[in-house]
Amino acid sequence: METYQVSDISPDSSFLEMMDILNEQLIEEGKEPVVFDHDCREGICGSCSMYINGEAHGPGRGITTCQLHMREFNNGDTIYIEPWRAKAFPVIKDLMVDRSAFDRVMAAGGFVSVNTSGNTQDANAIPIEKQKADEAFDAATCIGCGACVASCKNASAMLFVSAKVSQFALLPQGQVEAKERVQNMVKVMDEEGFGNCSNTGACEVECPKGISLDNIARMNREYLSASIKGE
């Protein structure tokens, strides 16, 4: 751990703006800036992943690090900032980790194969129950930030994987590859070194998009069904 001091931070500054000010200060002093990941700064991309004062994305709920503002802290506070801690997320430098394990899980089955021959069916032509459509949309809001992994004592990625499985399992477009999808994604998840579900629910609490644990139950059912049919 390194200790840095910053002053004259506006309470309306975002947490990442505070980090920018710190890095400008370090550069002016001829020191190396603190490396951290960021992109959209709008709570969409999931890049700005920091473990702040023992909580993924900090003390706020339903927000990412970039949406956290300094008014959540008191003047003179010591803020402890760490990278995600997980075997599957090796630290690149400082606060930046390699989350390409998520990309490999997605490549294993996080997609639907679509006929693009020119006879593609309009999605609106397929009737879908509103409840299922809403649940699929809720699952699809997962931004893959990895807060679920960082907050789980087993470093489990089951909330992330289950959200990606659920967004297709609930829709007719995802049924064609349903069996292979869940088996392949769970297989790669295990190979990447993610742990199993701890059943404590910390992932749902820390998730900035409020992804429900119901998705894990759905993934388990999909996996069991696929395993039985496979036999």
Side-chain angles (χ1 to χ4, degrees), residues 1-28 31-86 88-103 105-106 110 137-152 155-157 159-161 163-164 167 202-212 215:
M1 300 292 285
E2 294 283 344
T3 302
Y4 302 102
Q5 287 191 340
V6 287
S7 57
D8 300 324
I9 302 295
S10 168
D12 295 324
S13 295
S14 72
F15 199 85
L16 293 192
E17 287 171 338
M18 181 275 293
M19 293 297 296
D20 291 337
I21 293 170
L22 169 61
N23 280 343
E24 287 174 7
Q25 176 181 307
L26 292 173
I27 291 170
E28 288 176 0
K31 300 177 182 177
E32 272 199 56
V34 178
V35 176
F36 63 94
D37 223 347
H38 64 94
D39 192 0
C40 75
R41 299 199 177 203
E42 294 180 345
I44 298 170
C45 71
S47 296
C48 57
S49 304
M50 299 182 191
Y51 210 68
I52 304 166
N53 285 351
E55 296 182 87
H57 294 302
R61 288 291 174 268
I63 60 172
T64 56
T65 302
C66 63
Q67 295 173 303
L68 177 67
H69 287 81
M70 296 308 296
R71 53 179 170 267
E72 296 290 334
F73 305 94
N74 298 316
N75 189 29
D77 277 356
T78 297
I79 304 173
Y80 293 89
I81 314 171
E82 303 172 72
W84 285 168
R85 303 284 189 184
F89 289 162
V91 176
I92 297 173
K93 188 176 182 181
D94 297 339
L95 302 174
M96 180 182 285
V97 299
D98 180 359
R99 285 174 294 178
S100 59
F102 273 7
D103 296 332
V105 171
M106 289 300 292
F137 184 85
D138 289 343
T141 59
C142 169
I143 57 177
C145 66
C148 52
V149 176
S151 59
C152 178
S156 172
L159 192 67
F160 165 77
V161 178
K164 299 307 180 183
Q167 73 181 70
C203 53
E204 182 180 24
V205 172
E206 300 290 356
C207 176
K209 298 302 176 182
I211 302 298
S212 173
N215 291 296

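Computed from heavy atoms alone, side chains included, the values below leave out hydrogens, waters and symmetry copies. Starting from 1, each residue takes its place in the sequence as its number. Everything numeric here is computed off the predicted structure, so don't read it as measured data.
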**Q** Any donor-acceptor pair under 3.5 Å linking the side chain of H69 with the backbone of Q67?
**A**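 Flag set: sc H69 to bb Q67 pair under 3.5 Å.
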**Q** More than 12 heavy atoms of other residues, nucleotides or ligands under 6.0 Å from OH of Y4: is that the case?
**A** yes
**Q** Filter on side chain to side chain donor-acceptor pair (under 3.5 Å), then keep only pairs touching residues 70-83, sequence neighbours left out; what's left?
**A**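 Counting only pairs at least two positions apart or across chains, the side chain to side chain donor-acceptor pair (under 3.5 Å) contacts touching residues 70-83 are D12-R71, E82-R85.
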**Q** Calculate, to the nearest 0.5 Å, the distance between atoms OG and CE belonging to S13 and M18 respectively.
**A**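 Answer for the OG-CE pair, S13 versus M18, is 9.5 Å.
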**Q** When rounded to the nearest 0.5 angstrom, what distance separates CD1 in I27 from CG in L22?
**A**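 Reported to 0.5 Å precision, the distance equals 9.5 Å.
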**Q** So, do F15 and M50 sit near enough that their side-chain heavy atoms are less than 4.5 Å apart?
**A** yes
**Q** Distance check, rounded to the nearest 0.5 Å: I143 atom CD1 versus I44 atom CD1?
**A**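 Reported value, rounded in 0.5 Å steps: 9.0 Å.
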**Q** What is the distance from atom CD of E17 to atom CZ of R41, rounded to the nearest 0.5 Å?
**A** 7.0 Å
**Q** Would you say the side-chain atoms of N215 pair up with the backbone N or O of S212, donor to acceptor, closer than 3.5 Å?
**A** yes
**Q** Given S49, which of H57, R99, H38 fulfils the side-chain hydrogen bond (donor to acceptor under 3.5 Å, both in side chains) condition?
**A** R99
**Q** Applying side-chain contact (heavy atoms from CB on, under 4.5 Å), run through D94 and E32 and close with a yes or a no.
**A** CA-CA 11 Å; D94 297 339; E32 272 199 56; 5.8 Å; no
**Q** Could you tell me whether K31 and E2 make a salt bridge, using a distance below 4.0 angstrom between a side-chain N and a carboxylate O?
**A**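 The answer is no: the pair does not qualify as a salt bridge.
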**Q** Could you check whether any side-chain heavy atom of V149 comes within less than 4.5 Å of a side-chain heavy atom of F102, counting everything from C-beta outward?
**A**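 Yes, their side chains come closer than 4.5 Å.
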**Q** Ignoring hydrogens and angles, write down the donor-acceptor pairs under 3.5 Å from the side chains of residues 202-211, residues two or more places apart or on other chains.
**A**
| unit_1 | atom_1 | unit_2 | atom_2 | d |
| --- | --- | --- | --- | --- |
| K209 | NZ | G43 | O | 2.9 |

**Q** Who are the ring pair (Phe, Tyr, Trp, His ring centres under 6.0 Å) partners of Y51, not counting sequence neighbours?
**A**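 For Y51, no residue satisfies ring pair (Phe, Tyr, Trp, His ring centres under 6.0 Å) once neighbours in sequence are set aside.
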**Q** Keeping the roles fixed (side chain from T65, backbone from C48), state whether a donor-acceptor pair exists under 3.5 Å.
**A**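 At least one qualifying donor-acceptor pair exists.
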**Q** Step by step, would you call I52 with L68 a side-chain contact (heavy atoms from CB on, under 4.5 Å)?
**A** CA-CA 10 Å; I52 304 166; L68 177 67; 3.8 Å; yes
**Q** Could you tell me whether the side chain of S47 and the main chain of D37 form a donor-acceptor pair under 3.5 Å?
**A** no
**Q** Please report the closest heavy-atom contact between V91 and P83, naming both atoms and the distance.
**A**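 Nearest pair, atom of V91 first, then P83: CG2-CG, 3.9 Å.
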**Q** Heavy-atom distance under 4.5 Å between the side chains of C66 and S14, does that happen here?
**A**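 No - every pair of side-chain heavy atoms lies 4.5 Å or more apart.
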**Q** Between N23 (side chain only) and V34 (backbone N and O only), is there a donor and an acceptor less than 3.5 Å apart?
**A**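 Present.
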**Q** Is the shortest heavy-atom distance from the side chain of F73 to the side chain of I9 under 4.5 Å?
**A** no
**Q** I need the M19 CE to I81 CD1 distance, nearest 0.5 Å.
**A**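 Reported to 0.5 Å precision, the distance equals 4.5 Å.
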**Q** Answer yes or no: is there a side-chain heavy-atom contact under 4.5 Å between C142 and K164?
**A** yes
